[in-house]
Amino acid sequence: MFSFNRSVIAASLTLASLSAAAAQPPKHIIYLIGDGMATSHRQVAEYYLQQKTGDQTQRLAMNSLPVAGINTTHSADSLITDSAASATALAAGVKTNNGMVGMLPDGSKVTTLLEGAKAQGKATGLVTSTRLTHATPAAFVAKNIGRGNENAIADAYARANVTYVAGGGYRHFISGDQSKRQDGRNLVTDMQAADYHTFIGGDSVNNFRSYQPQAGDKVFAAFTPSHLPYELDRQQSNTLPSLAELTEKGIELLAKDQDGFFLMIEGGRIDHAAHANDIASTVYDTLAFDAAVQKALDFYHKNPNDTLIVVTGDHETGGMGMGFGKHYFMSLEQIQTSQESIEDKLQGVYSGNRGAFYQHIAGQFNLGNLASDEKLLIERAMDAVDNQDKQVGTDYGGYDPVAIAVAHVTSKRAGVYWTSYAHTATQLPLSAIGVQADKLGGFKDNTEVALTLADIMNVKIGKQG
Ligand SMILES: [Zn+2]
């Protein structure tokens, strides 16, 4: 009888400690945001992976997480958000107007998840493949009425004391000829004075790669004047670190903090590729982002009891459709034969010499065998360029019409269609794994994602004061 009672007490104690353990906030939070990435981007990348490997069971790392949600993304002033308003929602749990970072529409400042984690003594990190001053990472540290005020956003980084910062865009941190800063200030020197290890420009890549993080270190790395290259172009030149490399180094450093860490990683160029309707770059940058998700998962598998990983997007870009016309097929070989990005490498290549251009795309995009309708699409764009036809030019989203015509040919060959050169209001998939991850599932607005995370982390976010 006595022993029976004891076991009942033991059992109830175990239950109590279990539920207490379940309510413990995760020590480590890794928040991955694919800019412009929605269901189609994720799925085409997965189908491409399966085709490339010849293994139909291959999954994206992010598509294999146990918790799934669907998120709406509208901003305070539009059903279609921009990255500034959506990042502010994901960082601080509030709706704001398109273009604003870290602020409510009335201009009052908000506290973010990163700032809340910092106040708890956690190490913090921001990683992106765009300029660090671009909207998504900016919303976690800066408060600005306009996302375009990137020098002021750089100032915010210099004050924010984030433990690990890595991406592109040093032009906003240093003054000079190649810079966007003309006030004579050098924020990199300021950060060095504040004990940052700094890695600036392509010449610093080797030092970055050999750098061994020590507890208490702070890192600021910006390898390019503007965005890091599209993954397709990065792989060709192979001189700059991948998003996964930046993520791995960041986790290595941040995990040395006894209080744990909060790390946000943005796959920023998925959005740019989709704006330019470039299917190959969209897929390659989604896969580069997924490789960063895998680095986060590798850490999770070593620390499953105190880690939370959340993967989401900020909005859909391109109105990307899988399939078009009256066809029931996708043919992703075309993605494999594209050698370069449309936006950074093909714009401006056509300058009146049609033969030279056709030769170029035969080599770089495997388009040596254009069908008559494909050729018509490209010729029409060439006519617009030759005639400097501004009216027709606007049909191509403000891009070089000929580059966009090629993007549409390669997309159609793959079986992909685009309805927009901008963002859409389409809902986003969210995936999560780890401590209290189940709370993030279900149908939520993007502000609820951040508010749920704040609740899980036990931090206060949103309007200050
Ligand atoms: Zn965008």
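These numbers come from a predicted model, not from an experiment. One-based numbering, in listed order, for ligands and for the atoms of each. Worth knowing before you read on, the calculation uses all heavy atoms, side chains too, and leaves out hydrogens, waters and symmetry mates.
- Interatomic distance, M62 CE to L32 CG, rounded to the nearest 0.5 Å: 9.0 Å.
- With 2.8 Å as the limit, H315 does not count as an N, O or S neighbour of the Zn ion (ligand 1).
- In summary, the side chains of R234 and S129 do not present any donor paired with an acceptor at a separation below 3.5 Å, with no hydrogens or angles considered.
- Taking 2.8 Å as the criterion, D271 counts as a coordinating residue of the Zn ion (ligand 1), since one of its N, O or S atoms falls below it.
- Under the side-chain contact (heavy atoms from CB on, under 4.5 Å) criterion, S175 pairs with R181, D183, not counting sequence neighbours.
- When distances to the Zn ion (ligand 1) are checked against a cut-off of 2.8 Å, H272 contributes no N, O or S atom below that limit.
- Judged by distance alone, with hydrogens and angles left aside, the side-chain atoms of N366 form no donor-acceptor pair with the main-chain N or O of T337 at under 3.5 Å.
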